[in-house]
2 protein chains.
Amino acid sequence: MPTRYDPADYPPFAVTVDLVVLTLRADALHVLLVERGADPWRGRWALPGGFVHPDEGLDAAAARELAEETGVRDVPGHLEQLASYGDPDRDPRMRVVSVAYLALAPDLPEPRAGSDAAGAAWVRVDDALARPLAFDHARVLADGVERARAKLEYSPLAAAFCADEFTVAELRRVYEAVWGRPLDPRNFHRKVTGVPGLLVDTGRMRAEGRGRPAALYRRGDVTTLHPPLSRD
Amino acid sequence: MPTRYDPADYPPFAVTVDLVVLTLRADALHVLLVERGADPWRGRWALPGGFVHPDEGLDAAAARELAEETGVRDVPGHLEQLASYGDPDRDPRMRVVSVAYLALAPDLPEPRAGSDAAGAAWVRVDDALARPLAFDHARVLADGVERARAKLEYSPLAAAFCADEFTVAELRRVYEAVWGRPLDPRNFHRKVTGVPGLLVDTGRMRAEGRGRPAALYRRGDVTTLHPPLSRD
DNA sequence: CGTGTTGTCGTCAACCTGACGATAAACAGC
DNA sequence: GCTGTTTATCGTCAGGTTGACGACAACACG
């Protein structure tokens, strides 16, 4: 911590939050991107974000931006800090430190462009990673996706992609989309129902058209998966 | 990301780095603390840290502070970003965002007090967590220790606490100190030598006084432990 | 009523884990 | 040298977990 705080003594920074908002659409992992309407990087796609307000904590700023950019008042799912990025030349005009957040949400409505964005859209993560993004957002996005992949192994976070009630198969499709690899339905069912406290059986069923109806579950209160679901 | 950058438009922040520097001394986990020589929190113990310079990246600032506060030019071991803390009232005089870093290092010399610190010392982590610290440093320290505990499970980071060449027993004592739990020497030896690429046998031995001499190893190039060493 | 599709339960060999016995290689004291 | 002590390393074994895959159940559709 600094010990001298003469306001003339410290270099001023701008602090922003950037959001990696992941969701599942059509069994594929998507990320929310906005098209920049102003320089620098006008016309480029970027992660949504904005300034931290003077009397606002970092988490609060991320939650506010998440609501603003998705157009949903209380976004269900999960929000956690990812990392901070502060290369001196990451923004050509001033010194900016960006605190990135990772959000995992169930399928949300199509976004509308914000005040200073030319457009907003859900983009498949594979496409977004291949596309050139503004600032250092390609790296931020890659870090966010890797964090999500890792966290599915040992945390119950996959359920954040699902609605309040969900089936084991829906949960499995989350894992398959995030890890990009098919999983054996039988082994997945065994492991996931075997973790005590992970799933709460609602007693009800859901038929989705074809096939045998599946049992509906709700999230349990467990915070760590023991043992983890290895992706090898 | 912000889209409008009128300098009159964004609230200025001070950005600092705080360091959680962990090391092993006498088979116990220690953290580097400094005694504050100025208000606020004058006389309180705090994590070392300081302002990020205008033309310096975050990682570079953390590395610079680490060298300054330990008095060692190129600190061996490991340095990674931990998290950022930016509650609006975490500093009574101005808006500060602190980017915390976690450093793991082998036993280092006794620190000397820096320019604006009244003192500096290695403190047992248990004592430091029980002691009241300046700012929100108690939480930062707790987060750092928890990160270290978790990372030992699935990463080869424990070797960062050891010298260049080390024995399996030294590595085990790292785990025991960080996890606060004794481990079975035989099972630990089996698992750790079984991970391909984790340890490189130097072919040499070291006798440390009592007992049979142990084989000396160097860090391998593996980045992830498969399977992990569970702490249960 | 068959057929296809999806969900759930069982089985089995391979592997891994933790508990712990046994042996190897040094030192200290006599 | 001999004996006990300490530390390192190798083996053994029962119990649990994993991945591969067979079997069956419960629905929709024609």
Side-chain angles (χ1 to χ4, degrees), chain A residues 26-27 152-154 158-159 162-163 165-177 179 181-218 222 224-232, chain B residues 26-27 152-154 158 162 165-177 179 181-218 222 224-232:
Chain A
D27 287 347
L152 288 212
E153 287 195 41
Y154 57 90
C162 298
E165 297 190 340
F166 54 90
T167 67
V168 173
E170 284 169 358
L171 195 63
R172 175 168 48 83
R173 278 186 275 274
V174 170
Y175 277 89
E176 292 177 332
W179 287 350
R181 190 166 66 81
L183 298 176
D184 185 296
R186 300 158 290 190
N187 291 335
F188 183 83
H189 189 277
R190 177 186 8 121
K191 290 177 81 162
V192 118
T193 55
V195 179
L198 176 60
L199 298 178
V200 180
D201 195 336
T202 65
R204 276 175 301 123
M205 298 280 192
R206 179 160 70 203
E208 293 180 82
R210 294 180 301 273
R212 173 176 167 175
L216 276 175
Y217 294 90
R218 209 188 305 276
V222 81
T224 317
L225 262 48
H226 261 301
L229 283 80
S230 69
R231 55 176 156 156
D232 277 74
Chain B
D27 287 347
L152 288 212
E153 287 196 41
Y154 55 89
C162 299
E165 298 191 339
F166 54 91
T167 68
V168 172
E170 285 169 357
L171 196 63
R172 176 168 47 82
R173 277 186 275 273
V174 171
Y175 277 89
E176 292 177 331
W179 288 350
R181 192 165 66 82
L183 299 175
D184 185 295
R186 299 159 289 191
N187 291 336
F188 183 83
H189 188 278
R190 174 180 18 114
K191 290 177 81 164
V192 117
T193 55
V195 179
L198 176 61
L199 299 179
V200 181
D201 195 336
T202 66
R204 276 174 302 122
M205 297 282 191
R206 178 160 69 204
E208 294 180 83
R210 294 181 300 272
R212 170 175 169 177
L216 277 174
Y217 294 90
R218 210 187 306 275
V222 82
T224 317
L225 263 46
H226 260 302
L229 294 135
S230 70
R231 54 175 156 157
D232 276 79

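Because the structure is a prediction, the values reported are computed rather than measured. Because only heavy atoms are used, hydrogens play no part in the values below, and waters and symmetry mates are left out as well, while side chains stay in. Each chain gets a letter, A, B and so on, in the order its sequence line appears, and its residues count up from 1.
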For this session: Report yes if the side chains of B/Tyr217 and B/Leu198 come closer than 4.5 Å at any heavy-atom pair, otherwise no.
Result: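 Side-chain contact under 4.5 Å: no.
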Exercise. Which pairs, with at least one residue in residues 184-198 of chain A and sequence neighbours excluded, count as a salt bridge (charged side-chain N to carboxylate O under 4.0 Å, His left out)?
Worked result: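 For residues 184-198 of chain A: A/Asp184-A/Arg186.
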Exercise. Minimum heavy-atom separation for B/Leu216 to B/Met205, with atom names?
Worked result: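 Closest heavy-atom pair between B/Leu216 and B/Met205: CD1-O, 3.8 Å.
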Please list, for nucleotides 28-30 of chain C, all pairs of protein and nucleotide N/O atoms separated by less than 3.5 Å.
none

Exercise. Between B/Arg172 and D/dA8, does any side-chain N or O lie under 4.0 Å from OP1 or OP2?
Worked result: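 B/Arg172 to D/dA8 OP1/OP2: side-chain N or O found under 4.0 Å.
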Strictly under 3.5 Å: I want the nitrogen or oxygen pairs between protein and nucleotides 16-18 of chain D, one per line.
from   : atom 1 : to       : atom 2 : distance (Å)
D/dT18 : OP1    : A/Lys191 : NZ     : 3.4

Problem set entry | Closest heavy-atom pair and its distance - B/Ala177, B/Asp27 |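 Taking every non-hydrogen atom into account, CB-O, 3.6 Å.
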For this session: Write down the distance between CZ (A/Phe166) and C1' (C/dT6), rounded to a whole number of angstrom.
Result: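 A/Phe166 atom CZ is separated from C/dT6 atom C1' by 18 Å.
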For this session: Would you mind reading off the distance between B/Leu199 atom CG and D/dT9 atom P, rounded to a whole angstrom?
Result: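 Atom-to-atom, B/Leu199 to D/dT9, this comes out as 11 Å.
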For this session: Calculate the interatomic distance between A/Tyr175 atom OH and D/dG19 atom P; express it in whole Å.
Result: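 From A/Tyr175 OH to D/dG19 P: 13 Å.
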Exercise. What is the distance, rounded to the nearest whole Å, between atom CG of A/Leu183 and atom C1' of C/dG7?
Worked result: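 The distance from CG of A/Leu183 to C1' of C/dG7 comes to 16 Å, rounded to the nearest Å.
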Problem set entry | With sequence neighbours excluded, residues passing side chain to side chain contact (heavy atoms under 4.5 Å, CB included) with A/Arg218 |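 For A/Arg218, the residues satisfying side chain to side chain contact (heavy atoms under 4.5 Å, CB included) (neighbours in sequence not counted) are A/Asp164, A/Glu165, A/Val200, A/Thr202.
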Exercise. How about A/Val174 and A/Leu152: do any of their side-chain heavy atoms sit closer than 4.5 Å?
Worked result: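 Counting from C-beta outward, A/Val174 and A/Leu152 do come under 4.5 Å.
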For this session: Assess whether one donor atom and one acceptor atom, taken from the side chain of A/Arg212 and the base of D/dA26, lie less than 3.5 Å apart.
Result: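 Per atom types, no contact qualifies.
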Problem set entry | 5′-ward residue of the pair A/Val168/B/Gly211 relative to DNA chain C |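 Here A/Val168 is the residue nearer the 5' end.
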Exercise. Roughly how many Å is it from CG in B/Asp27 to P in D/dT7, rounded to a whole number?
Worked result: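 From B/Asp27 CG to D/dT7 P: 11 Å.
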For this session: Could you list the residues that satisfy ring-ring contact (aromatic ring centres under 6.0 Å, His included) with A/Phe188, not counting sequence neighbours?
Result: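 A/Tyr175.
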Problem set entry | Close side-chain approach of B/Trp179 to B/Leu229, heavy-atom, < 4.5 Å |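 Yes, at least one pair of side-chain atoms sits under 4.5 Å.
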Exercise. Looking only at side-chain N and O atoms, does B/His189 come under 4.0 Å of OP1 or OP2 in D/dA8?
Worked result: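 For D/dA8, neither OP1 nor OP2 has a side-chain N or O of B/His189 closer than 4.0 Å.
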For this session: Grab the CG-C1' distance between B/Asp184 and C/dA22 for me, whole Å please.
Result: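 It works out to 14 Å between those atoms.
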Problem set entry | Which residues share a side chain to side chain contact (heavy atoms under 4.5 Å, CB included) with A/Ala214, sequence neighbours left out |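 Once residues adjacent in sequence are excluded, the partners of A/Ala214 under the side chain to side chain contact (heavy atoms under 4.5 Å, CB included) criterion are A/Thr167.
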Problem set entry | 5′-ward residue of the pair B/Arg173/A/Pro213 relative to DNA chain D |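 It is B/Arg173, whose closest nucleotide lies nearer the 5' terminus.
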For this session: With the side chain of B/Pro185 defined as its heavy atoms from C-beta on, choose the nearest nucleotide among C/dC20, D/dT9, C/dT8.
Result: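 Nearest to the side-chain atoms of B/Pro185, counting from C-beta on, is D/dT9.
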Problem set entry | Atom pair distance, as rounded to whole Å: CG in B/Leu229 and C1' in C/dC16 |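 To the nearest whole Å, that distance equals 12 Å.
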Problem set entry | For B/Pro196 against B/Val222, the heavy-atom pair lying closest together |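 For B/Pro196 versus B/Val222, the nearest heavy atoms are O-CG2, 4.0 Å.
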For this session: Could you tell me the separation between the CZ atom of B/Arg231 and the C1' atom of C/dT17, rounded to a whole number of Å?
Result: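 After rounding, the reported distance stands at 18 Å.
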Exercise. Mapping B/Arg186 and A/Asn187 to their closest nucleotides on DNA chain C, which lands nearer the 5' end?
Worked result: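 In this pair, the answer is A/Asn187.
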